[in-house]
Each structure stands twice: as structure tokens, then as C-alpha cells.
Number of protein chains: 2
Amino acid sequence: MSIPSPLPDPLVELVAERFRVLSEPARIKLLDALRAGPASVGELAARAGLSQQNASKHLGVLHSAGLLERARTGNTAQYAIADPSVFTLCELVCDALRDRYSALQAVIPPPQAPIGR
Amino acid sequence: MSIPSPLPDPLVELVAERFRVLSEPARIKLLDALRAGPASVGELAARAGLSQQNASKHLGVLHSAGLLERARTGNTAQYAIADPSVFTLCELVCDALRDRYSALQAVIPPPQAPIGR
DNA sequence: CCTACTTACAACTGCTTGGTTGTACAGCTG
DNA sequence: CAGCTGTACAACCAAGCAGTTGTAAGTAGG
């Protein structure tokens with residue numbers, strides 16, 4: 001374990017910030033869209049079902065967070081994954097969610113889909 | 001890869017929600033405090049440097065998210081980690097952050113600590 | 001029974017931020 | 001040069017949430 005026991009405050013902030021960047025459905029969709037490979041803003045917006053402005057905004061957030069790389073080629077901007085660990089994070093969460101809900105499904109007489117906040 | 005390619009919307013929501021729960025420094029501190037083992041609200045509040053009400057509130061959030069287990073014994077409430085995967089998540093983020101900042105340190109003539117938003 | 005203690009909840013405030021709208025800027029094309 | 005396309009930025013509105021304050025409920029102890 002290379003992590004100090006009382007997490008220093010600055011590290012706590014950075015970790016929370018990283019999670020905050022990933023806490024938005026639109027950004028998860030964009031990252032998901034990037035699983036198919038690098039693409040332009042318009043292409044990603046289409047894949048994720050977002051407006052061009054909204055996609056650009058969220059891509060900017062992901063880029064400033066260091067999760068994406070940007071490459072401008074002529075008139076278009078190519079975004080690509082800069083930190084592949086985000087996929088590992090998402091997979092871990094998906095596994096945990098699957099475990100949780102399968103556990104729930106084993107307990108509840110399920111009347112309907114468990115989705116609904 | 002057991003994860004569908006265009007992530008279904010409900011799953012996207014759940015993943016984002018999980019990250020949102022982890023996107024708060026106070027909650028990261030509480031989880032960090034729980035690395036030393038289960039403890040009462042007051043104890044955790046002290047460890048994390050939070051007020052009792054604030055700690056209770058955030059512990060409630062973590063509990064509703066399924067990350068913590070609650071056990072009331074007499075007058076006190078014992079909270080414990082229910083989903084150890086959160087630690088894996090935090091370690092992954094810490095590693096990624098370390099990589100990122102070491103990469104930055106290799107580029108920048110570092111005048112000072114790179115922490116500072 | 002009365003007091004002290006621990007936990008949880010409700011109300012309030014201020015800040016942050018997501019999505020939209022409008023627009024500016026840069027590059028390609030004819 | 002003019003028009004079109006792709007991208008980014010700024011301003012606005014509305015919703016959500018963190019932290020505080022106050023307090024209620026439940027338990028243990030004298």
C-alpha cells in the first residue's frame with residue numbers, strides 16, 4: 001500500500017475532483033463514445049446524443065482534467081483518451097453495481113426494474 | 001469485456017451517480033477514516049475533522065449508496081465498509097494522479113509543489 | 001424520573017454547475 | 001472574396017447540494 005494513512009488534504013481534494021469530473025452522465029457518455037476510438041467533437045456529440053455546444057463544454061472539462069488529449073487538424077478537433085485508467089474505473093463501478101443489484105434481486109420479489117431514483 | 005458497447009442510459013446514470021457520491025472531499029475523508037476499521041459517527045467525525053451533523057449527513061449518503069453498512073448498538077451507530085471496491089477505485093485514481101503529476105514534474109522546471117488549483 | 005450523550009432530521013443559505021442560446025473565430029471550398 | 005462548416009466561448013437560468021444551525025428521538029446512568 002503506497003498510500004499514506006491519513007490522506008493528506010490536497011490529495012483528498014484531487015481524488016474528489018477526479019471523481020467529480022466523472023460524476024456527470026454526459027461525460028460518461030462521451031468517454032463511452034471514445035471507446036470506439038478518437039473522434040471529432042461533432043462525431044462524439046452525435047454518438048453521445050448531445051448538442052455540439054454541450055459536448056464541447058464537457059470535452060473541455062475532461063481535457064482540462066487530463067483525461068483527454070486534443071489534436072486540432074485543420075478545421076476539426078480530434079479528442080482521444082489520454083488516461084485509459086478511466087475505463088478501469090468504470091468497469092470496477094459496473095462490476096460493483098452488478099454485484100449490488102444481483103444481491104438486491106436475490107432479496108426482493110422484484111416487481112419491476114430496479115432503476116428509479 | 002462484459003460491458004455493452006453503447007452503454008445503456010440507465011447504466012450511465014448509475015455509474016455517474018456512483019462517482020458523484022465519491023466526488024465530495026468530506027466523503028473521501030470519511031472513507032479514509034474507515035480504513036482503520038468500523039467506527040461510530042462521533043469517532044469518524046473526529047477522524048475526518050467534520051462536525052457531527054455533517055459527518056452524519058455524508059455517512060447517510062454513503063450508506064444509501066450502498067457503500068457503507070450501519071449497525072446500531074445501543075446508543076451508538078457503527079459504520080463499516082460494505083463495498084471494498086471503493087478503496088480500489090481510490091487507489092487507481094491515486095496512481096493516475098501520481099503518474100500525471102510526475103509526468104508534469106518531468107516537464108516543468110518545478111518552482112514549487114504542483115498542488116494548487 | 002431526570003440528565004447527559006449520541007445520532008438523525010429539517011430548514012435555511014450561498015455557491016456551484018448543467019444545459020441552452022447566441023455568437024465569434026478559424027479553416028476549407030468554389 | 002464569400003459562404004459554409006466545425007469548434008469554442010460567454011451569458012443566462014434553473015436546479016442541486018454542501019455546510020450550518022437548531023432540534024427531536026432514543027439510550028444509558030444516577
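Quick note: numbers below take in every heavy atom, side chains included, and nothing from hydrogens, waters or symmetry partners. Keep in mind it's a predicted model, so treat the numbers as computed, not measured.
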Study note, to complete from the structure: The salt bridge (Lys or Arg N to Asp or Glu O under 4.0 Å) partners of A:Asp9 (sequence neighbours excluded) come to B:Lys29

Check your understanding: According to the ring-ring contact (aromatic ring centres under 6.0 Å, His included) rule, which pairs have a member within residues 18-77 of chain B, sequence neighbours left out?
Key -> A:Phe19-B:Phe19

Check your understanding: In whole angstrom, what separates A:Asn54's CG from C:dT17's P?
Key -> 15 Å

Review point. In chain order, what residues pass the salt bridge (Lys or Arg N to Asp or Glu O under 4.0 Å) check against B:Glu24, with sequence neighbours excluded?
Key: none

Review point. Considering residues at least two apart in sequence or located in another chain, which fulfil the salt bridge (Lys or Arg N to Asp or Glu O under 4.0 Å) criterion with A:Arg27?
Key: none

Check your understanding: Side chains of A:Leu30 and A:Leu50: closer than 4.5 Å at any heavy-atom pair?
Key -> yes

Check your understanding: Rounded to whole angstrom units, what separation is found between the CD atom of A:Glu24 and the P atom of C:dT17?
Key -> 11 Å

Point to revise | Rounded interatomic separation in angstrom, taking CG from A:Leu50 and P from C:dT20 | key: 8 Å

Exercise for review: Would you indicate, yes or no, if D:dA8 has its OP1 or OP2 atom less than 4.0 angstrom from a side-chain nitrogen or oxygen of A:His63?
Suggested key: no

Review point. Got a sec, which residues hit salt bridge (Lys or Arg N to Asp or Glu O under 4.0 Å) with A:Arg98, two or more places apart in sequence or on another chain?
Key: A:Asp95

Study note, to complete from the structure: Side-chain atoms of A:Arg20 come closest, of D:dA18, C:dG19, C:dT17, to C:dT17

Please list, pair by pair, any protein nitrogen or oxygen found under 3.5 Å from a nitrogen or oxygen in nucleotides 6-8 of chain C.
residue: C:dT7; atom: OP1; partner: B:Val41; partner atom: N; Å: 3.3
residue: C:dT7; atom: OP2; partner: B:Gly42; partner atom: N; Å: 2.9
residue: C:dA8; atom: OP1; partner: B:Tyr79; partner atom: OH; Å: 3.3
residue: C:dA8; atom: OP2; partner: B:Ser56; partner atom: OG; Å: 3.3
residue: C:dA8; atom: N7; partner: B:Gln52; partner atom: NE2; Å: 3.0
residue: C:dA8; atom: N6; partner: B:Gln52; partner atom: OE1; Å: 3.4

Check your understanding: A:His58 has an atom NE2; how far is it from atom P of D:dC9, in whole Å?
Key -> 14 Å

